[in-house]
Amino acid sequence: MEREDVLIPATFFLPPLLYAETHYRFPYFISFLRKSEPEIIADAPHRIEPGSKLPILVLVKDADNFPTILESVDVQIRKDGRILQDKDLLGKPVELRRQFWWRVFEVVLRDQTGWVEVDVRMRIARDGKKKSYRNDNHRTSSHKPLRVYVSKDPLPRLPGLLLGECHAHTERTSDQVEFGSPLEASRSLAGSLGLSFFCATDHSYDLDDSIASYLVNDPATPKWKDLQAAISRLNGIPGPVIVRGEEVTCRNTRGRNVHLLLLGAKRFTPGSGDGAEQWLRTRSEHSAQEVLERMEPQTVAFAAHAREPVPMIQRLLLGRGEWGEDDLRLNRLRGIQFANGKRDEGFRDGYRTWIRLLLEGRKAVTIAGNDAHGNFNRFRQIGIPFFSIVERGDQMFGVMRTGIFTGSKTEAGILQALRRGACIISDGPVANLTRPRDRSQTALGTSQRGRSIALDIHAVSTREYGPIQTVTVFSGSIGGSSEQVVARYDGHGAFSLFRSMRTPKDLTGYVRVEVSTSAENEAGRVPHFCYTNPVWINC
């Protein structure tokens with residue numbers, strides 16, 4: 001079904017979060033960003049593991065409408081003003097005539113650590129004219145070099161721990177103002193970041209589009225089916241595991257549009273309420289309760305960015321709202337994602353909401369992601385639509401991570417661990433709680449019985465994220481008004497801490513751990529965190 005022209009002004013108020021789509025413009029509006037050439041973007045991971053090659057993604061979109069010759073791609077890598085490498089990546093010109101063209105170029109960094117600047121220079125020829133660009137071809141963008149941290153240490157690890165990104169978008173999320181990174185490219189860059197998995201959670205209102213045009217809906221859902229097939233194919237090749245999923249727009253108990261992550265979903269669920277597909281028609285097809293009731297058995301559901309404030313204009317024109325606490329009590333909702341790429345009021349409010357749910361005895365699991373819309377190194381978006389590009393340094397793929405404890409690096413194993421709550425959230429250090437009698441198995445997400453339970457705590461950080469400052473153990477009693485601090489350990493500048501403890505006597509509730517690191521670290525000069533999910537005691 002083709003979308004009506006009257007829907008178009010609604011998209012003016014969409015919050016663009018992916019790579020900026022600059023060719024579309026509203027009828028009767030002027031677009032300062034629109035150019036008669038394809039979008040050209042260079043990207044790279046914000047960090048890479050020691051010994052990893054540096055992958056540089058070059059992506060060209062809409063060359064089917066603007067045929068172009070990509071004549072050269074060169075990269076200059078600098079550190080502290082000194083040129084480390086200056087080389088040609090492309091080799092020979094490429095004629096571009098399809099909607100998406102991309103390539104990941106791998107560069108070997110010999111004996112280099114710390115921050116480096118990556119300056120990608122691209123030269124094109126179109127209609128007899130030659131142009132050169134640095135890092136992207138957007139009007140008003142900074143064109144600044146990409147900054148990559150080449151780590152001396154792998155991401156912090158513990159036995160059985162896999163680290164991943166639980167909320168990310170691919171090129172199947174594509175519409176009038178934004179588009180994402182190709183699935184296979186995301187997998188390549190995820191590996192260099194040190195991730196073992198990521199969840200592909202494209203918007204429901206994009207996944208029902210025709211493959212050929214985001215302005216046409218197709219009831220046969222070819223984009224959804226194509227995504228499913230691509231994930232299955234890639235998961236048969238060694239590398240980070242892709243967990244299939246969907247970010248569904250649905251109605252909360254107040255009738256407002258909220259986003260629900262369905263991880264492991266194999267059946268498409270429609271949800272178009274806030275996709276600006278029809279002017280002032282914002283009622284989604286299903287309520288959150290209806291989506292959860294019809295959910296497949298293998299699917300694990302989480303409230304996406306549950307407590308992030310919604311701007312008033314989006315409330316009025318897109319019918320958006322937040323997840324209320326009544327919504328978060330719905331049956332079959334496994335938990336809440338409040339760690340979403342930045343530590344802001346949405347993060348803090350989500351954290352407080354999570355604690356209240358735990359104190360009620362609800363075994364709500366928390367996961368972390370970044371709502372990463374293709375941005376690995378720099379957040380690019382349309383600021384005032386079609387007049388400027390805004391760039392920021394948050395919500396980048398893989399910055400906030402979910403760690404899961406599992407013996408199975410498979411899609412099914414990852415989903416099972418998420419369902420159990422055998423997981424942590426972190427932007428740096430990691431931690432685990434185990435029973436002394438079996439330290440090879442995590443106790444997170446389990447129910448333990450006894451008057452006082454012996455537990456071991458193990459926390460790890462690296463120079464990249466700073467020495468451990470404190471490890472705090474919290475307990476919560478079911479029906480209590482607040483948590484209690486059971487123990488607090490000083491890290492004394494160490495990067496690893498191991499302690500044994502016992503839970504409070506006759507506790508009916510849970511214990512969990514938080515780790516904080518010193519701001520005196522090598523990467524960002526900011527403290528980093530890790531929160532474990534609970535171990536449940538006598539309940």
Side-chain angles (χ1 to χ4, degrees), residues 153-163 339 351 354-355 358-359 363-368 401-407 417 420-477 482-518 521 527-539:
D153 305 294
L155 288 176
R157 302 285 184 185
L158 286 168
L161 179 66
L162 303 180
L163 296 171
Y351 170 85
W354 177 53
I355 299 305
L358 296 180
L359 289 169
K363 296 182 179 181
V365 175
T366 188
I367 61 171
R401 300 178 283 274
T402 300
I404 65 165
F405 291 93
T406 178
R420 291 200 317 267
C423 50
I424 63 176
I425 65 172
S426 172
D427 69 348
V430 298
N432 194 11
L433 283 166
T434 59
R435 295 299 307 271
R437 62 178 182 235
D438 189 3
R439 290 172 180 162
S440 65
Q441 299 293 322
T442 186
L444 301 179
T446 66
S447 294
Q448 305 288 332
R449 294 196 173 275
R451 291 202 64 190
S452 180
I453 306 298
L455 292 170
D456 290 333
I457 305 163
H458 195 182
V460 176
S461 185
T462 62
R463 291 169 291 183
E464 181 177 355
Y465 299 110
I468 295 169
Q469 192 165 50
T470 58
V471 174
T472 306
V473 184
F474 293 92
S475 71
S477 295
S482 62
E483 294 183 326
Q484 305 299 314
V485 175
V486 175
R488 180 172 286 121
Y489 305 106
D490 192 316
H492 297 294
F495 292 96
S496 179
L497 181 145
F498 184 90
R499 294 288 187 275
S500 296
M501 59 158 287
R502 299 196 72 89
T503 61
K505 287 185 178 180
D506 300 320
L507 174 66
T508 300
Y510 63 88
V511 293
R512 64 181 188 87
V513 168
E514 293 187 7
V515 181
S516 64
T517 68
S518 168
N521 56 66
H528 294 272
F529 76 93
C530 172
Y531 303 159
T532 74
N533 276 281
V535 178
W536 294 90
I537 310 295
N538 297 317
C539 60

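Everything quoted here is computed from the prediction, not taken from an experiment.
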As an exercise, state the distance from [atom1] of [X] to [atom2] of [Y], rounded to the nearest 0.5 Å.
X	Y	atom1	atom2	result
Cys539	Leu507	SG	CG	7.5 Å
Trp354	Thr366	CH2	OG1	5.5 Å
Arg463	Asn521	CZ	CG	12.0 Å
Thr442	Ile404	OG1	CD1	11.0 Å
Tyr510	Thr503	OH	OG1	14.0 Å
Thr517	Ile468	OG1	CD1	8.5 Å

Can you tell if the side chain of [X] reaches within under 4.5 Å of the side chain of [Y], non-hydrogen atoms only?
X	Y	result
Asn432	Leu161	no
Glu483	Arg512	yes
Leu158	Phe405	yes
Arg157	Leu163	yes
Leu444	Arg420	no
His458	Thr434	no

### Task
Determine the minimum heavy-atom distance between Pro467 and Phe495, stating which atoms define it.
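Distance-wise, the nearest heavy atoms are N-CE2, 3.4 Å.
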### Query
Could you walk me through whether Glu514 and Ser516 pass the side-chain hydrogen bond (donor to acceptor under 3.5 Å, both in side chains) check?
CA-CA 7 Å; Glu514 293 187 7; Ser516 64; over 6 Å; no
